Amino acid sequence: MSPIPAFVNARGGSADAARAAIAADGRFALHVVEPAALDDALRAAVAAGAPRVLVSGGDGTLTVAARVLAGSRTALAVLPGGTLNHFARDLGLPSDDPAACLDVAATGEARPVDAATVNGTLFLGTSSVGAYSNFVRTRERLEAWGLGYRAASALSAAWSWLRLRSYAVVVRAGERAG
């Protein structure tokens, strides 16, 4: 059996640990990619007929992967590599046990997951209409100025909450992708 293509977000906080775990496992062909190159790398794997790919990164990285793979015959396997790993946690993957995640990635059964679109853009788990990404950018700036994670998060949350705008939202449920 040929190795499963494995893509690690080069900018992910746990990229080094993911790289080491994947390299030690032996069932994967490791590719470390910049975030901007992930979609092209995944399209190439789909075009090459990969039945499954492993992606290591956070929720944003996994959402990019899901957008590329949606509608294809290529399954997405996950190695948690972000800060909070909401999607991986929802799948029941242990963020603290890369070997167990790699075993699921290599031998686990593919299953459908809930996904949705906002303005034609697929998302997994949560859509914040920009609020969460603004929160993260602000928190990261505050951390760069020397604030710790918790203090930066609290200030960023307050700042983001004060700057929220309201939106009209229409929800359609029960539709299924073809």
Side-chain angles (χ1 to χ4, degrees), residues 1-116 122-128 132-133 135-137 139-140 142-144 147-150 152-153 156:
M1 184 189 326
S2 60
I4 298 165
F7 301 93
V8 175
N9 177 350
R11 304 277 178 222
S14 60
D16 291 340
R19 244 190 320 253
I22 292 166
D25 186 281
R27 295 177 283 187
F28 302 90
L30 177 61
H31 306 276
V32 179
V33 295
E34 292 295 324
L38 179 61
D39 53 351
D40 288 337
L42 289 168
R43 280 189 191 89
V46 170
R52 179 180 301 206
V53 295
L54 171 69
V55 176
S56 178
D59 293 321
T61 300
L62 297 173
T63 297
V64 168
R67 287 177 186 154
V68 172
L69 300 176
S72 77
R73 295 189 163 280
T74 302
L76 171 62
V78 174
L79 176 59
T83 304
L84 299 175
N85 300 311
H86 295 292
F87 183 66
R89 191 174 332 130
D90 288 347
L91 294 175
L93 294 172
S95 294
D96 59 345
D97 190 350
C101 292
L102 291 174
D103 196 47
V104 170
T107 64
E109 187 105 6
R111 63 182 182 186
V113 297
D114 291 332
L122 183 137
F123 69 91
L124 301 171
T126 303
S127 174
S128 62
Y132 184 69
S133 56
F135 162 78
V136 170
R137 277 194 295 273
R139 184 198 69 218
E140 288 173 347
L142 292 170
E143 286 178 299
L147 285 176
Y149 177 82
R150 290 183 191 268
S153 293
S156 179

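Just so we're clear, the structure is a prediction, and the values are computed from it rather than from any experiment. Only this structure's heavy atoms are used, side chains among them; waters, hydrogens and symmetry mates stay out.
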Could you walk me through whether Val55 and Leu42 pass side chain to side chain contact (heavy atoms under 4.5 Å, CB included), step by step?
CA-CA 9 Å; Val55 176; Leu42 289 168; 4.1 Å; yes

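Taking CG of Leu54 as the reference point, atom CG of Leu102 lies at 6.0 Å (rounded to 0.5 Å). Rounding to the nearest 0.5 Å places CZ of Arg43 at 9.5 Å from CG of Leu38. Note: Asn9 CG to Thr61 OG1 = 4.0 Å, rounded to the nearest 0.5 Å.
Scanning for side chain to side chain contact (heavy atoms under 4.5 Å, CB included) contacts around Ala115 gives Leu122, Leu124, with sequence neighbours left out. Under the side chain to side chain contact (heavy atoms under 4.5 Å, CB included) criterion, Ala100 pairs with Pro94, Asp97, sequence neighbours left out. Here Arg19 pairs with Asp16 under the side chain to side chain donor-acceptor pair (under 3.5 Å) rule; sequence neighbours left out. A search for side chain to side chain donor-acceptor pair (under 3.5 Å) contacts involving Arg27 returns Asp25, Asp103, not counting sequence neighbours. Judged as a ring-ring contact (aromatic ring centres under 6.0 Å, His included), and not counting sequence neighbours, the contacts of Phe7 are His31.
Closest heavy-atom contact between Glu143 and Ala152: CG-CB, 3.7 Å. The shortest non-hydrogen separation linking Phe135 to Ser153 is CE1-O, 3.3 Å. Nearest heavy atoms, Ala105 versus Ile4: O-CD1, 4.1 Å. The two residues Ala15 and Ala10 come nearest to each other via the heavy atoms CB-O, 3.9 Å. For the residue pair Pro80 and Ser14, the shortest heavy atom distance occurs at O-OG, 4.2 Å.
Between the side chain of Asn85 and the main chain of Gly82, a donor-acceptor pair closer than 3.5 Å is present.
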In a table with atom names and distances, give each donor-acceptor pair under 3.5 Å that connects a side chain of residues 68-79 to protein atoms at least two apart or in another chain.
residue: Ser72; atom: OG; partner: Leu69; partner atom: O; Å: 2.7
residue: Ser72; atom: OG; partner: Thr74; partner atom: N; Å: 3.1
residue: Thr74; atom: OG1; partner: Ala50; partner atom: O; Å: 2.7

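Other residues, nucleotides and ligands contribute at most 12 non-hydrogen atoms within 6.0 Å of the CZ atom of Arg11.
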